[in-house]
Structure formats: C-alpha cells, structure tokens
Number of protein chains: 4
Amino acid sequence: MSEESAGEQRSPERARRLPRAVRERQILDAAVQVFSRHGYHSASMDEISDVAGVSKPMIYTYLGSKEDLFGQCIRREATRLLEAIQDGIKPDLPPDMQLWHGLRSFYRFVAEYRESWTVLHRQALTVGGSFATEITDMRTRAIELVAALVVSAGTRKGLGEQAEFSGAGLSAALVGAAESLADWALDHPDVSDGVLASWLMNLVWLGFNDLVEGEIWKPSTAE
Amino acid sequence: MSEESAGEQRSPERARRLPRAVRERQILDAAVQVFSRHGYHSASMDEISDVAGVSKPMIYTYLGSKEDLFGQCIRREATRLLEAIQDGIKPDLPPDMQLWHGLRSFYRFVAEYRESWTVLHRQALTVGGSFATEITDMRTRAIELVAALVVSAGTRKGLGEQAEFSGAGLSAALVGAAESLADWALDHPDVSDGVLASWLMNLVWLGFNDLVEGEIWKPSTAE
Amino acid sequence: MSEESAGEQRSPERARRLPRAVRERQILDAAVQVFSRHGYHSASMDEISDVAGVSKPMIYTYLGSKEDLFGQCIRREATRLLEAIQDGIKPDLPPDMQLWHGLRSFYRFVAEYRESWTVLHRQALTVGGSFATEITDMRTRAIELVAALVVSAGTRKGLGEQAEFSGAGLSAALVGAAESLADWALDHPDVSDGVLASWLMNLVWLGFNDLVEGEIWKPSTAE
Amino acid sequence: MSEESAGEQRSPERARRLPRAVRERQILDAAVQVFSRHGYHSASMDEISDVAGVSKPMIYTYLGSKEDLFGQCIRREATRLLEAIQDGIKPDLPPDMQLWHGLRSFYRFVAEYRESWTVLHRQALTVGGSFATEITDMRTRAIELVAALVVSAGTRKGLGEQAEFSGAGLSAALVGAAESLADWALDHPDVSDGVLASWLMNLVWLGFNDLVEGEIWKPSTAE
DNA sequence: TATGAATGAGTTTTCATTCAT
DNA sequence: CATGAATGAAAACTCATTCAT
C-alpha cells in the first residue's frame, strides 16, 4: 500500500500533499514528455496534467501559463545538456581530445534523453517569440564551449582577417553539423557515441588543421 | 496610377474576377508568408485570406484544407529551391567548383527568398505526420545532389568500411552545417553567398581531402 | 460525337441552349435524386448542379432557392403519386376491389420510383416549416381518396357517434399502416404489390367489416 | 420565489457548480427539446447550450459530439418509452387486454412527452447512419413486444404459409398505424389514450380475429 | 494544498447564394 | 442563355485558463 515505492512516474491514485519541489519536478517531467511527443502547440495542458497525475490548476499555481511551463522545460533541459557536456570534458587533455570527449558526452546525452533533446532541438523553435532567441543563445553558448578550442586555433593564426574564414560563421556551421548528426543518430541507435564523435572530428578537425596550416580552398576562377 | 498594370502584388481593394491560376498563386504566396512568420499552428486561415486579399472559402475551394495548403507551399518552395540549386551548377566544371556553385545558389536563394527557406527549414518539421518525412526526403535528395561529389570520393577510396567514415552520417552532418550556416547568414546579410560557400568548402573540402588520402583522426587513447 | 444520342441524364460536355422546360425537368430530376439520397439538409446545391449537369446560377434562375427547389420536388412527386393511384382505380368495381387496386398502384409506384417515395415520405418531414403541413395535406388527400370507401361505410352505419370509432383517426392509422408497409416493402422487393395490397386489405377490411356489423371490441373491465 | 427549491427547470442566471450528473440531465433535456423542435441538422449546439443554461464546452466535455449527444437523447427517450409501455402492461390479463393497456401507455407517453416522441419518431431517421438502424431496431422490438400476442396467434393457426399473411409485414403495418395515430393524437389532445387504444384495437383485433378464423379477403377476380 | 466545474475566445470548415462576364 | 468567380454567415469543435469549494 505504499504510494511511493513502485513508480514515481504516474500513480493512478491521486498522490497527496507532496512538497512543492517534488510536484514541480513531476510536472516538468510530464511536460517535457508531452512537449517532445506533440510539439508545443499540439500539446495540451490536459494531457500534461494527466501524465503528471496532477490537476490542471496545480500546474498554473506552480509553474504558470503554458508558455511559462514550456520555458522552464527548455531551461531545465538545456542546463542538463550543458552540464552533461561540461562533465564529459577532461581539461587536462589536448584540445582535440577535449573536443572529442565533449562530443561524446553530447551524443550520449541525446541518446539517453531523447525527449530532452527533441524538445530543445525540434520543438523550441516552433514557439516564436522569446524562445527562439533564448534557444539561439544557448546554442551559441554550447558551440562556444565546444568549438572555442578549434576556432581560437584558427583565429590565433591570423586567419580572422581572411574572407575565407569566420569564427562565428563556422561555429554556426559546426553546431548545425553536430545537431544534424544527432538527429540522424536517433534513427541509428546502434552507432556508438564514440563513433559519432569521431565522424565529426574527421569532418571538421582535418579541415581545420589544413586551414590552420594556411591551406585554403579558393574558387579557381571568379564566378 | 492605373490599378491594373503596375501593382498586381497586393491591392487592398478586392481584386475581382481573376482567373483561377492567378488566385492560386496569390494564395500560395500569402500562405508562405504567413506560415513562415507564425509557423503552421499559429498561422490562421483568416490571416492568410487577409494577406491574400481573398475570402476564406476561396482558399478551401482552390487549395483545400489548411494541411493541404501547407503541403502545397512546402512542395512549391522545395521545388523552387532544388531548381535554383540545380540551375546554379555548371556540369562542365570540376567537382569542387560544382559544389561551390551549388552552395552559392543555395545561399543566394535563402537570401532572396527568406520566407521560402524559413517555411522549409523551420516550420515544415513542426507539423508532424507525412510532412516531416516528405521534407526529410527532400533534404536527403538535396544532400545527395550536393554531397555526392564529396562522399562518393570517400567511399571510392575504400573508406566505407572504416568505422571512422560513414557516407550517410556525414551527409547528414553536412546538410546540417549548410543549413545552420544559412540561418546564420540570414542575420548577416552583408556576407555574400560566395563567401558563405567558401567557408563551407574550406570546412568540408579540406577535411574530406584528408579523409580521401587516408588520413584519419583517431582518439589517441581508448576512452 | 453527338451530344444528345447516348444518355440525356448526365452529359459531361456542357449541354447547351436547351429549352427552359427541359432544363427544369433535368434539374428537378437531379434534385429528387440527391434529396432522396442525403435528405434536405445534407443535400448540397453543388451536388445537385453536378448531377443535373447544369451550373448553380441556373438552378437559382429557374427554380429559386433551395427551399423552393425542394418544394417543387415534393409537389411534383406528390402529384405523380396521386395520379398513379388514381389511374389504378377502376371506378366500376365494388369498393373493396377499388381499394385493393388503389393500394396495388401505390405499392407499384413506390417500388418503381423509390426516390420519389423516399423524398415524400422520409425527407419531407425533416424540413420543418410549411412543408410539414403541405405534406400532411397531401397525406390527408391521399387517405381520403383511398379510404373514403371504407370509412364512409362505417359512418354510414351510424358508428360515428361511438367512442370506439373515428373516421379521421382511423384514416390516419390506415395511412400510417400503408406507408409503413411501403417502407418494409422497399427492403423486400420480392413481395409483389398484389400481395402487399392483400395484406393490408386483410388487416383492415375484415376489421372494418366487423365494425360495420356492429361488432366492437371493448375493454372487458374498466382500467 | 426561491431560486433553488422550485424552479430547478431553467434559471437564466448561470446556475453554478452543480454535480456532473445533474448537468448531464439538464443538457439532455435541453437537447431533446431543441432536437424535437428543429430536427438534427437545424438544431445548433449554440441553441442547445443556451437552453441548457450551460456553455458549449460543457456539452462536449460531458456528452461528446453533436452526434453523440443526439444518440444519447435517442437512447434515453427510447428507453423511457419502452419502460412506460412495459409498465403499463398487466401480465395477468388476457392478451387483448394486455395489448390494450400497452397501447394506452404508449399514447399516454406520447401525450405527456411530445418532445420525446417527436425526437424518436420524426427526427431520428433523418440523421442517417447508425441511428436509423438503431431506431428501426427499437421499433422492431416495440412492435414485437406489442404485436407478438396478435401475430403469433395468426401464425399458430398455420396461416404463415399463405401469401395473404405475413407476420413481419403485418407487424410493420401495425407499428405504422399506431405511430401514425399517435401523430394524429398530438393534434387532438381531447381524445383520451383509452379511446385511441380502442380505435386501434378495433381496427386490428377484429381483423386479426377473422384471419385467425381462416376468413381471408381475396380479390374476387384476378387482376 | 488540491481539484472538479465552468467558460471566453478562437479555430477550421462548409454552404447557400450572387455578381460580372 | 450560361457560368466561373467570389463571399457572408454560421456551424462544430477545442483549449488555455480560472473560480468556488
């Protein structure tokens, strides 16, 4: 008859009088689940409250409007992701190994918390308004965290002034590549995070190495 | 000041008795505009009909339901994009130049038809159902069109069997990079399409070259 | 390539310049068909115009609003039905044979023009407003035409004053029985109109005969 | 003038916070009323919600779609009707008295709950789909309940093989007669249910008695 | 604390009906 | 005579949100 022991996820009997923090977590968990399944607009507060095993007014009392709720999902999951990556990086290793470990952590996170990743990557952009920028900021922070190693190398060599090189632009490209590969990986769970990270390293690192050496590709003739 | 000749774009006064084909184009134009601004769910048929300068029943008569309408937007814009890229490619040039020209066309298209690009890239995935796969298919076709040159080179060299190389995975990464850079470029209109294409070429081409040569990055120590 | 020879019903090529009377008949035919299939409310002017092979404005020009159109369908088919019954009656025969022949004609009509009957019986009542009374009037006329023979016999015998007998009420019951049997017959096309008429004759005639003879059923004890 | 005790029927001021069961009954009452007045198609959910003194969303939450709602009206009223009839029948009496009492109960019900009857009889057939058959089934059950006494008598006597007799067909006719007389009675409220029942008994019972005795009406000459 | 009851405001969609040609 | 083009008006249905208990 214990109401705690078995599954904290969804108890059909109304769980009662839980401390606020617990309730909030329950609700956020449910929200992430539902948002990731249906997207922001198609997700209904009803379903979220069902999944959370909590009445709707409670959601409003604790976490505010639907938009608020979504925002908190986003922020919580983004924080988790960044922490996961940060935790994966070993600061003592050489830059390339650091990058590789960061990527591995990233892909491990995506595999383990698909829903978190889906909400962050796919759904967060569909809400328009402040979320887009918020997400963009996080992307930026993420990429800077990961790519600083690489990009700084390029800039350090004085490539910053050449039209063929741009830290910011290449960063964006890099994140896109990593994200896109993450999506691909969701459909290919048999590919390990180490392999995924290696693919990306090979695509990028070798190219950057050349760039750093001054080897630059140019169109052979103007237009 | 003639009301017929010049401003066929959007006359606030009910334009009347136009042939069906013209109306359909008007409506699709409006729909792309509105969908790109608000996304599928937040876009309302009311706003689309307003922007199109046409009553709602016409939309339903000519283009069908909201979902149908969206589908036709997607297909039209996707076709446009693919054609733009294809048109930009000069088949006589060497592979790298072909790729570069393809990318330039892509970035030119994105800059010129931001809304088309937004609908295709950002909004199409949020509808769920058949659209996601349809778009994914187009992405696949696009990447194959552009990346075949590169990837095939890698596989030709027998790299296909190495864990560090995967045509499909790298393709996904590549498209992601290109797309992500396109988004970045939307906020940096001063960067020309040629430069954008060059950035990507340098990131990718040099890396691939090394791959093709057999140079492969590996983590120096296990785990 | 003749546009007349094959089927007058529905020529895919726009039939042109037909005299008004013909057009009106075409339209009414189509309307009866569609109304009988879907009922008044679910029938759409679009479908009627399609089936009629005529554009919608034409319907409005020739036959007025949807309600007008329906009214004319009702009236035309009702007239047809009454005429069919009248034609079947042989005035020289004795009353019971007249009744039998009238019923036969009725059931023959129902079998042959199911759609007409459906519109009259099932759909006409769903429209509320003047149609209900109009149809009721026709029923009344019909029943009087057919049942006068029977009822008059009863009244003639002085039964009119007894609570157990009522011309009007029994007429209503009789029509109901005949109609209901007609509906039943639609699902049993193998039962001939002669047999149907005989069933009703037996149910009714024998009972009436008794009534006329003064034999009356009464509840054996009050309440 | 208390607003709670007496007039629970329809308070124009929003009655608030009632238990679900009560609301459901209110809504069904309103729905029967409106459906009976306008028919299924012309009835609008708006009007029903107005009459019920409840907002539209409640209707959908509690009773489902318009079609669901209609179905529940039909079922509730049909059940009521059948129960009323069953309650009226005294199983100890001889068959003819049972029938008479059943008919009385029927006519009493129709008089007292005109709207219920209207919905069942007139409107239920216009919706097409499953309702028509559902209603038909109930009619069948009703007739079997009432007419079994009579018809079985006929079949028992071996009349089943004669073309002039058909249990099923005659049952259909009988229901039609009873229903039709019920409609007639709605316009003649001064005729008591006992009298109505007697009329039908005389029409039917005497006729059936003759049938059972082997007296059969036949057309005197072929065709 | 926690919730069943309740709704305002908005959405997509359909249809009878009428111009302008 | 005949029609493609066009729409006003309304219907069913949904959902985020808030009371009252």
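Keep in mind that the numbers below use all heavy atoms, side chains included, and drop hydrogens, waters and symmetry copies. Per chain, numbering begins at 1; letters A, B, ... match sequence-line order.
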Open item on the list: Short of 4.0 Å, heavy atom to strand atom, which residues of residues 56-63 of chain B count as contacting DNA chain E?
Closed with: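 Within this stretch, K56(B), P57(B), Y60(B) sit under 4.0 Å of the strand.
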Task: Residues R23(A) and Q26(A): side-chain donor-acceptor under 3.5 angstrom - done: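 The answer is yes; a qualifying pair exists.
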Which whole-number value in Å describes the distance from [X] [atom1] to [N] [atom2]?
{"X": "D46(B)", "N": "dT7(F)", "atom1": "CG", "atom2": "C1'", "value": "13 Å"}
{"X": "I48(B)", "N": "dT11(E)", "atom1": "CD1", "atom2": "P", "value": "12 Å"}
{"X": "Y40(A)", "N": "dC15(F)", "atom1": "OH", "atom2": "C1'", "value": "12 Å"}
{"X": "R20(B)", "N": "dT21(E)", "atom1": "CZ", "atom2": "C1'", "value": "18 Å"}
{"X": "F35(D)", "N": "dA11(F)", "atom1": "CZ", "atom2": "P", "value": "13 Å"}
{"X": "F70(B)", "N": "dT11(E)", "atom1": "CZ", "atom2": "P", "value": "18 Å"}
{"X": "K66(B)", "N": "dG10(E)", "atom1": "NZ", "atom2": "P", "value": "15 Å"}
{"X": "M45(C)", "N": "dT3(F)", "atom1": "CE", "atom2": "C1'", "value": "15 Å"}

Task: Residue closer to the 5' end of DNA chain E, A21(D) versus E67(B) (nearest nucleotide) - done: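 That would be A21(D).
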Task: Pi-cation contact, F35(C) with K66(C) (under 6.0 Å, within 45°) - done: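 No - K66(C) does not lie over the ring of F35(C) by the 6.0 Å and 45° rule.
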Which residues satisfy the side chain to side chain donor-acceptor pair (under 3.5 Å) test with [X], sequence neighbours excluded?
{"X": "K56(A)", "result": "D46(A)"}
{"X": "E47(A)", "result": "R37(A), H38(A)"}
{"X": "S42(C)", "result": "H41(D)"}
{"X": "E77(A)", "result": "R80(A), S116(A)"}

Open item on the list: Which is more 5' along DNA chain F, the nucleotide nearest H41(D) or the one nearest H41(A)? Just name the residue.
Closed with: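 Of the two residues, H41(D) wins.
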Task: Pairing residues for D68(B) by the salt bridge (charged side-chain N to carboxylate O under 4.0 Å, His left out) criterion, not counting sequence neighbours - done: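 In terms of salt bridge (charged side-chain N to carboxylate O under 4.0 Å, His left out), with neighbours along the sequence ignored, D68(B) is linked to no residue.
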TODO: Please identify each residue that fulfils salt bridge (charged side-chain N to carboxylate O under 4.0 Å, His left out) with E115(C), with sequence neighbours left out.
DONE: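 Not a single residue meets the salt bridge (charged side-chain N to carboxylate O under 4.0 Å, His left out) criterion with E115(C).
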- [ ] Considering just the side-chain nitrogens and oxygens of R23(B), establish if one lies under 4.0 Å of OP1 or OP2 belonging to dA6(F).
- [x]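 So the side chain of R23(B) is within the cut-off, an N or O lying under 4.0 Å from OP1 or OP2 of dA6(F).
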Task: Which nucleotide in dT3(F), dA11(F), dA16(F) has an atom nearest any side-chain atom of V54(C) - done: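 Of the candidates, dT3(F) comes closest.
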Task: Strand DNA chain F as a dot-bracket string - pairs counted if Watson-Crick or G-U with both distances under 3.5 Å, | where the partner lies in another strand - done: .||||||||||||||||||||
Task: Partner residues of F131(B) under the side-chain contact (heavy atoms from CB on, under 4.5 Å) criterion, sequence neighbours left out - done: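 side-chain contact (heavy atoms from CB on, under 4.5 Å) check on F131(B) returns E67(B), F70(B), V127(B), E134(B).
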